[in-house]
Amino acid sequence: SGFREFADNIKDAHFPTPDVLDDMISVWESLLDKKLMNTLWIPLIEKYSVDSGNELVCTLEPLSLEGQHHPPEYRRDFIHFNYNVDPGSDMMYQQAYDALFSAKTLLTSRLSVLDNVDNHYKFHFTFPQKNYYYTGDSLGLGMALLDICVLSQSSAYKDIYKFREPLVCTGIVDIKGHIRPINPESLALKIRTFYFSPFQHLLIPEENLEDTKKVLESLRLEYPGRNFTIHTVSKLNNILHDENLLINNKRSFSRLHKVR
C-alpha cells in the first residue's frame, strides 16, 4: 500500500523511528485491505481542550453504509448513525436526508427501470468509534456517494455503482444535488491530514479547489514527493460519469427480472 511505502521511506532515513510506526502500519493495512464497496473515508475534526485553549485535530475515519427496503406500508426513510435514532434537529441528520433525497432523485430520473419514487429505506451509517458524538454537514457528499452505491445495488436501476479506489471526501450536498463548499479553516486542516495519509484520491467541492491549491503549494514546498489525485465536483450528477471514482456495471436482464 501507499502507507507501506511511506513507512519504509521513514525507516530508511538516518534518524530513530518510534516503535509505534509498526503498529500504525498494521492498523492502516488492515483497514485498507477490507472490501470497501460501500465504505469511504471522511476527514473529521475534533476539538480538544488544552491549557492554551481549544485545539483542532483532524483524523480520517471509514464511513460505511448498510441499507434495506422498508415494507410498502412505510411512508418515509429512516436513517441511523452508529444505530442511534435521528434526534430530529441535528445538522448531520438533516444533511443525511438531503443526501438521500438527491441520490434517489438522480438515480430515478436517469437510471430507473421501474418506478422507484415510492421506495423507502432504512439506512445505517457507521463509524468504527461507537462512543463518539458525530455531527456537521461536511459528511453530506460522502453520504450521497454511499447512497448512490447502496441504492444502485439494491433497487431496479440499470447501473450498479461501487468505488474504484479507497476514497477520501468532504463536502456539503443540497436536495438538488449541488455540492457546496466547506469553510476554509476546516478545509486546510483536512487537506493537511490527507496529505500525510496513504490515500491517493481526495474528492472536494469544486468551489474549494483554489483554497486547496494554496494549502498544497505550501505542503509540497516543505514536504515534497507526495503523489495523489484531487477530484472536484459541483453537481452529484457529474460523479456518475467519473470512471476514476466509480465502477459502473450494467445490471443483467435476468437480475432485473428478479427485482421485478
Side-chain angles (χ1 to χ4, degrees), residues 1 3 27-47 57-68 77-87 90-104 106 121-154 161-174 177 179-180 182 186-187 189-191 193-194 197-205 208 230-231 233 236 239 242 245-247:
S1 70
F3 187 72
V27 170
W28 274 112
E29 292 194 332
S30 67
L31 291 171
L32 290 173
D33 286 342
K34 286 183 176 180
K35 293 182 178 179
L36 298 178
M37 184 169 66
N38 294 325
T39 300
L40 48 68
W41 296 75
I42 305 292
L44 298 172
I45 294 180
E46 303 173 52
K47 183 182 291 185
V57 177
C58 183
T59 59
L60 299 176
E61 294 193 26
L63 177 64
S64 301
L65 175 61
E66 297 178 358
Q68 63 186 62
D77 298 304
F78 288 88
I79 296 176
H80 296 167
F81 274 89
N82 286 349
Y83 293 91
N84 294 319
V85 178
D86 176 7
D90 184 86
M91 183 187 304
M92 183 178 66
Y93 280 91
Q94 293 174 3
Q95 182 68 170
Y97 282 107
D98 287 349
L100 179 55
F101 181 87
S102 62
K104 289 171 69 175
L106 173 60
Y121 301 84
K122 180 185 289 184
F123 274 5
H124 298 286
F125 289 95
T126 56
F127 282 112
Q129 300 291 335
K130 300 296 190 294
N131 56 338
Y132 276 56
Y133 173 70
Y134 296 93
T135 189
D137 54 5
S138 65
L139 283 74
L141 177 56
M143 292 187 290
L145 287 176
L146 289 168
D147 290 337
I148 287 173
C149 290
V150 171
L151 288 169
S152 71
Q153 295 157 22
S154 62
Y161 292 95
K162 62 180 181 179
F163 298 113
R164 183 173 296 279
E165 300 283 351
L167 177 65
V168 178
C169 76
T170 185
I172 304 165
V173 64
D174 64 23
I179 310 303
R180 306 301 185 191
I182 65 173
S186 296
L187 176 71
L189 189 53
K190 292 178 179 183
I191 296 300
T193 302
F194 168 79
S197 79
F199 293 97
Q200 301 297 313
H201 297 273
L202 172 66
L203 178 65
I204 60 171
N208 283 132
I230 301 292
H231 307 267
V233 62
L236 195 59
I239 297 176
D242 193 336
L245 296 179
L246 295 177
I247 297 173

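FYI, side chains are in, hydrogens and waters are out, and symmetry mates aren't considered; it's all heavy atoms of this structure.
In this structure, Y134 has its ring center under 6.0 Å from that of F127.
In this structure, the side chain of T39 does not engage the main chain of P62 through any donor-acceptor pair within 3.5 Å. Q153 contributes a side-chain N or O that, together with a main-chain N or O of Y161, makes up a donor-acceptor pair within less than 3.5 Å.
Annotation: the span from Y93 atom OH to H80 atom NE2 amounts to 7.0 Å, rounded to 0.5 Å. Distance check, rounded to the nearest 0.5 Å: OG of S186 to CG of N208 gives 10.0 Å. With rounding to the nearest 0.5 angstrom, the CD1 atom of I42 is 9.5 Å from the CG atom of L60. Atoms CG and CD1, on L100 and I79 in that order, are 5.0 Å from each other to the nearest 0.5 Å. Atom CG of L139 and atom OG1 of T170 lie 7.5 Å apart (nearest 0.5 Å). Note that the CD atom of E46 and the CD atom of E61 stand 6.5 Å from one another [nearest 0.5 Å].
Between S138 and I182, the shortest heavy-atom contact is CB-CG2, 3.7 Å. Between S64 and L146, the shortest heavy-atom contact is C-CD1, 4.5 Å. Considering all non-hydrogen atoms of both residues, A99 and A144 come closest at CB-N, 3.7 Å. Contact detail for L63 and F81: the closest heavy-atom pair is CD1-CE2, 4.4 Å. In terms of heavy-atom proximity, L246 sits nearest to R164 at O-NH2, 3.8 Å. Between D90 and T135, the shortest heavy-atom contact is OD1-OG1, 3.1 Å.
Ion pairing between R180 and D137 fails under the 4.0 Å rule for side-chain N and carboxylate O.
In this structure the side chain of L203 reaches within 4.5 angstrom of the side chain of L145, judged on heavy atoms. Taking 4.5 Å as the limit, some side-chain heavy atom of I191 sits within range of a side-chain heavy atom of L202. Annotation: side chain of L245 is not in contact with side chain of V233 (no heavy-atom distance under 4.5 Å). T59 has its side chain out of reach of T193: every pair of non-hydrogen atoms, C-beta onward, lies at least 4.5 Å apart. M143 places none of its side-chain heavy atoms less than 4.5 Å from the side chain of F123. Between V168 and P43 there is a side-chain heavy-atom pair separated by less than 4.5 Å. Side-chain contact between D147 and Y121: absent, with no pair of heavy atoms (C-beta onward) separated by less than 4.5 Å. Within the 4.5 Å cutoff, the side chain of Q200 has no heavy atoms near those of the E165 side chain.
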Checklist entry - Should I204 and K190 be marked as a side chain to side chain contact (heavy atoms under 4.5 Å, CB included) after you check the CA-CA gap, both sets of side-chain angles, and the distance that decides it? => result CA-CA 10 Å; I204 60 171; K190 292 178 179 183; over 6 Å; no

Checklist entry - Going through the checks in order, is the side chain to side chain contact (heavy atoms under 4.5 Å, CB included) test met by I239 and I148? => result CA-CA 10 Å; I239 297 176; I148 287 173; 5.7 Å; no

Next on the checklist: Let's go through E66 and N38 carefully: what are the C-alpha distance in whole Å and the side-chain angles of both, what is the deciding distance for side chain to side chain contact (heavy atoms under 4.5 Å, CB included) to 0.1 Å, and is it a yes or a no?
Outcome noted: CA-CA 8 Å; E66 297 178 358; N38 294 325; over 6 Å; no

